[in-house]
Amino acid sequence: MQKVIASIDREALRYNFRVIKSHVPESKIIAVVKANAYGHGLLEVAKTLSDADAYAVARIEEALELRSGGIVKPIILLEGLFNPEDVQVVSASNLETAVGSWEQLEWIEKAHLQSPVKVWMALNTGMHRLGLNEDEAEEFYSRLMKSENVVKPIGLISHLSCADDLSSDYTKKQIEVFRRFASAHECHTALANSAGILSWPESHTDYVRPGIILYGVSPYDGKTGEDLGLKPVMTLKSNLIAVRKVRKGDKVGYGATWTASRDTRLGIVAMGYGDGYPRQAPNGTPVLINGRIAGTAGHVCMDMMAIDLGPDSTDRVGDEVILWGRGLPVEKISELVGTIPYELILRLTDRVVKEYV
Ligand SMILES: *Cc1c(COP(=O)(O)O)cnc(C)c1O
């Protein structure tokens, strides 16, 4: 039986963590493991990153999965509370939560709690997604500080929206707004995401929140994780399930969108959009087989795809094919497909077996 495997390299994960630490020796690290640890497996990743000071997730269910899996370190809900009942869950499971709206504040103020909750006040510094605008932040802060349901001191959190764009001064402005509020109030602070950690030293505060770089993937267009000194954590692989000859002029796959320009051999790979491989991958998208690059031929199907092995190839049924990861950066594929690597590593389907090595 040949499986379609996403091989997760624990050592690479720990390696990337150490690289991050070397960029921010003064800061504590909140490992962002939302969305199933960017597709790498929530609990396994959290356990592997045992040196992290805290973990961050988007949804309360993710936090509870970590708690029931034995994670005792701080866990922060980045999106905060979705309804009043969530306050009880946060308190009972000793979670921490971002608070970024007046509704969330009221839910906390009005709750009857066994023990107060740890909160991170979300300040909107320019993303305009969650968080308090600067002109309402003062009142919000003082209400949080007055509430008996809130542990003091509180945290201050904000998110950079353009930190991957090194030519923009937007990030500088965001950092200014954040620092202005932080320096005038007692609080611990968390601002930098991956690109902030790598490119904006002024964004390094008490805590940083790396996501994508933990997984060895670049937050920048046109650069790979390896360019940044990181190691890819996920390697997606499958096998050849057939090798066939085609003649010059033969047309391959649904819609006959690829035509052989010479007599050649095609490899059929057990990998398709049913596994989460992007169907938009154009003809010639690279895969790695027996140490060399081959290109896709024709539309990616649900369960299979064809690759052009070349006329003199000796590849055989059963040979391993790497779709991205070690030796073939996922950033190369996402660029060809017109998306960001975050999306590709995240959207593998349940059919892909994760293997931790
Ligand atoms: C997802 C997320 C991060 C991590 O972002 P990366 O670009 O993956 O480093 C940090 N902070 C918040 C609030 C997030 O939502």
Side-chain angles (χ1 to χ4, degrees), residues 13 16-17 19-21 23-24 27-40 42 45-46 49 52-60 62-63 74-82 95-101 104 119-132 155-166 168 170-171 174-175 177-178 188-200 203-221 223-225 228-230 232-234 330-331 334 339-347:
L13 199 51
N16 296 334
F17 185 88
V19 171
I20 293 166
K21 192 73 208 169
H23 283 273
V24 289
S27 300
K28 291 185 177 171
I29 297 180
I30 302 169
V32 179
V33 293
K34 63 190 179 187
N36 200 24
Y38 291 47
H40 293 64
L42 176 61
V45 166
L49 294 175
D53 297 287
Y55 301 96
V57 294
R59 307 279 160 83
I60 216 162
E62 298 171 321
I75 301 173
I76 300 160
L77 301 175
L78 293 172
E79 287 183 84
L81 312 164
F82 288 13
L95 307 177
E96 306 188 12
T97 183
V99 191
S101 70
Q104 292 176 342
V119 303
W120 293 76
M121 176 177 148
L123 184 67
N124 170 34
T125 54
M127 182 144 191
H128 302 289
R129 188 174 65 179
L130 295 176
L132 278 298
L156 184 72
I157 193 167
S158 190
H159 197 40
L160 301 172
S161 49
C162 307
D164 57 325
D165 179 357
L166 305 183
S168 143
Y170 205 82
T171 302
Q174 287 195 271
I175 294 170
V177 173
F178 189 81
H188 38 275
T189 52
L191 178 58
N193 56 3
S194 291
I197 289 167
L198 297 180
S199 302
W200 301 92
S203 73
H204 303 170
T205 61
D206 300 335
Y207 291 81
V208 296
R209 303 188 308 271
I212 195 79
I213 53 176
L214 281 171
Y215 309 100
V217 176
S218 167
Y220 310 105
D221 284 348
K223 271 197 181 148
T224 68
L228 303 169
L230 304 165
V233 175
M234 176 193 290
V330 65
E331 295 91 337
S334 59
T339 184
I340 54 174
Y342 293 68
E343 190 184 2
L344 293 190
I345 56 179
L346 256 159
R347 71 178 192 189

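When a ligand or atom number is given, it counts from 1 through the structure's own listing order. Computed from a predicted model, the values in this text were never measured in an experiment.
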With heavy-atom distances below 4.0 Å as the criterion, list the atoms of ligand 1 near Arg129.
15 (O)

What part of His159, side chain from CB on, backbone N/CA/C/O, both or neither, has a heavy atom under 4.0 Å from ligand 1?
side chain

Among non-hydrogen protein atoms, atom 7 (O) of ligand 1 lies closest to Tyr342 OH, 2.8 Å

If you count the atoms of ligand 1 from 1 in the order shown, which ones are under 4.0 Å from a heavy atom of Arg209?
4 (C), 9 (O), 10 (C), 11 (N), 12 (C), 13 (C)

Short N-O contact, Lys223 and Glu331, less than 4.0 angstrom:
no

Side chain to side chain contact (heavy atoms under 4.5 Å, CB included) for Tyr220 and Leu166? Distances and angles first, verdict last.
CA-CA 9 Å; Tyr220 310 105; Leu166 305 183; 4.2 Å; yes

Using the ring-ring contact (aromatic ring centres under 6.0 Å, His included) rule, pick out the option among Tyr38, Tyr342, Phe17 that qualifies with Tyr215.
Tyr38

Contacting atoms of ligand 1, where contact means under 4.0 angstrom from a heavy atom of Leu78
12 (C), 13 (C), 14 (C), 15 (O)

Polar proximity ligand 1 side, Pro210 side, N/O cut 3.5 Å exclusive:
no

Looking only at protein heavy atoms, identify the closest one to atom 14 (C) of ligand 1 and say how far it is in Å.
Lys34 NZ, 3.0 Å

Roughly how far apart are Ile197 CD1 and Ile213 CD1, rounded to 0.5 Å?
4.5 Å

Contact (N/O only, under 3.5 Å) between Ile212 and ligand 1
yes

Heavy-atom count check: over 12 atoms from other residues, nucleotides or ligands less than 6.0 Å from Lys21 NZ?
yes

Atom 8 (O) of ligand 1 sits nearest the protein heavy atom Tyr38 OH, 2.6 Å

Counting from 1 in the order shown, the ligand 1 atoms closer than 4.0 Å to a non-hydrogen atom of Asn193 are 5 (O), 9 (O)

Nearest-neighbour protein heavy atom for atom 9 (O) of ligand 1, which is reported as residue plus atom name and distance
Ser194 OG, 2.5 Å

Can you measure from CG (Leu198) to CD1 (Ile20) and round to the nearest 0.5 angstrom?
7.5 Å

For the CG atom on Asp53, are there more than 12 heavy atoms of other groups (residues, nucleotides or ligands in this structure) within a distance under 6.0 Å?
yes

When you look at Ile157 and Leu191, which way does the side chain to side chain contact (heavy atoms under 4.5 Å, CB included) test go after all the steps?
CA-CA 6 Å; Ile157 193 167; Leu191 178 58; over 6 Å; no

